[in-house]
Amino acid sequence: MKTQRKTFFALSALAAISLIGAAVWFFAFRRAPLLASGACRGCNVLLITIDTLRADRVGAFGGPAGLTPSLDRLASEGVQLTRAYTAAPLTLPAHASILTATSPPVHGLRTNGLFRLGPAIPTLATILKGAGYRTGAFVGSFVLDARFGLNRGFDEYDDRYGEKRAGDPSEGAERRGEEVVKPALAWINATAGPQPLAPSPWFAWIHLYDPHEPYRAPEPYASQHEPYDAEVAYADAMVGRLLAGLPQGALDRTVIMVAADHGESLGEHGERSHGVFIYDVTMRVPWIIRTPGLRHAVSDDLVRLIDLAPTMLDLVGVAGPPEFEGRSLVPSIGGRAHDRPPAYLEAMDANITRNWAPMTGLVSETYKLIDVPIPELYDLASDRKETTNLFSREPERARTLSARLQALVAGFHARGTAAEKTTLNAEARRRLQALGYVAATADRAGRRYTGADDPKTLIGAANDLQRALATFNAGSPDQAMAQARAIVRAHPDFVTAYGVIASMQRDAGDLRGAIATLEDVARRGADQSVMVVLAGYLQEAGALERSIAVLEAILAAHPDYADAYNSLGVAYSRLGRHGEARAAFERVLQLDPTSATAYENLGVDQLGAGNLTAAAADLARALEIDPRLARAHNALAAVYLRQRREADAIAEWRLALEIEPKLYDALYNVGTTLWDTGHRDDARPFLDRFVREAPPQRYGPDIARIKGMLAR
């Protein structure tokens, strides 16, 4: 009797491009007044946000000639807002402010990944949908995934960017601009229909992530520019492609707004990218408004991206809700008197994830105040690079602006937050304490910060940590670990550094050490993302019940945390608790309907339960969303093998290895299947690689067995 051979499959816890120059589009402009309320009543609405775009890279805003011809053309036939400020230098909080017309303390999304927009606050999409618009969003990165709540009000929320893969240095999975523009144009053209028969106008939001690091622009841009500028040039070309592909005549019936969500430091003020500071290089952004018949103008008024949604609604004749904090710019740009409120700024990621001092500030007239332990005041009119701190030289102005900032913050607190916030209820606290852990919250108002906690003081440590991680990835783990440990000795509250050390330990084969590092952090207080990583490491170590206890405690505090549900489902499935596993994965899909990983895990769970037909359907759905999900190909191959479709199984495993060459489960599976089916010459290259490359700490017995097979 033939014994059943094991096949590896696992649940997931965590091409040359043809670039055709965009066709030139033509606007038929009439000399007309500047903006007026309802001037484009019933028009379509097109919002384009470009991630991480510095204002000084756009030609119309003083950037180099020829780098952004599409944006320059659009600006020449619309209004350029040269003093526009974002509320936060991170993608999710900035876009939440754009869509809700509120500051981060009000909408509650203070950093990427840890918050979800609650249902109470209206958004640009919910309002336009209520006014009869068909609504579609097309985003380029996981940072704006549906699970974070910005999908409310959209008929179509296309976040099919694929899943984050091992070794990807970006914040999350992303897709190039052309892969965003293509489905956006398909939706717009299908939605628009033949004019004038189209039943209602449309609102489309297109998010281009390309200028965000890592800078990997395609050719010909990569060889024509420095890496960041190449991404900017490529994103600009995609704006041109989008506008050129709109339905015929649509530009005469569409209000267009283009803005960056934030900029990029590129080393200025010691910051490599963005997210830590609120200097103008990341907070002052390009913003262009174009409506049919509008004459070109340049406005140097102080404006805020929270004013974008109210301005958009005013132009198309839709009333904004009282919850909006931002104001329509139509009166001021239209030439009528209009007071200009200050721009509130904040950078809270380092406070929430690293325990550094929080950073808030405001811009009023030409002055900027930054409230940190070592406070800062700048005259932006004479010191655009913000190099001369006037806080001690102009004490009266500093006191006045500080009082104004405090009043703003007090007003935010009085309104409360619309986010599903990182607060602990009594049950969650009890569960975590029973495990010996403490969870940090987003509210550290009781702590007193000193100059040692000021981000200016600590940015060097953050840069050192980045260099240590680069050293590790370059193949020097011992040196990298020593560098990282030196950082935590100097800065014992730098939680991120402990996470990096744990990741290094795990990747170097010291899973027990990685768990010990994270448990030490958890005993002193860690946010939920650290807890989910710890739970994943516990699962790898076989401590499934403890992992479940950690995850259930997290979910008691954060009932809409998709990553925790996904990891919990993995643990349940491995224990054979298939009903509970499926419920967890289905909850992920309620929060994030296009989660390929959730479908993959549903398929793997069905495979483990012996439901081959259901497994194949779920895995096919995962691969429909993300065809490059190597582990889903591996699991689908396992289904085919059990269905005695050996040729199909081998083809799937080969495809999995093309996508992810170091997927050792697939390497083992295809090699042993070829061997067992008599194709031993074909099997040997796969098995030889498995023996040479597979990590012994995980595959030791299997490596020994394969060595014995090959020696016969």
salt_bridge(Glu386, Arg284) N-O dist < 4.0 Å: no
With no hydrogens and no angle check, do the side chains of [X] and [Y] hold a donor and an acceptor under 3.5 Å apart?
X	Y	answer
Asp280	Tyr85	yes
Thr49	Asp261	no
Asp665	Tyr699	yes
Thr52	His274	no
Tyr234	Glu178	yes

Any side-chain to backbone donor/acceptor pair from [X] onto [Y]? Under 3.5 Å, distance only.
X	Y	answer
Gln539	Val570	no
Asp159	Val139	no
Thr135	Asp155	yes

Within 6.0 angstrom of Arg467 CZ, more than 12 heavy atoms from elsewhere: yes
Residues Trp205, Tyr157; criterion side-chain contact (heavy atoms from CB on, under 4.5 Å); working and verdict: CA-CA 9 Å; Trp205 166 34; Tyr157 195 86; 4.0 Å; yes
Criterion side chain to side chain donor-acceptor pair (under 3.5 Å) against Tyr215, the qualifying member of Glu226, Glu264, Glu231: Glu264
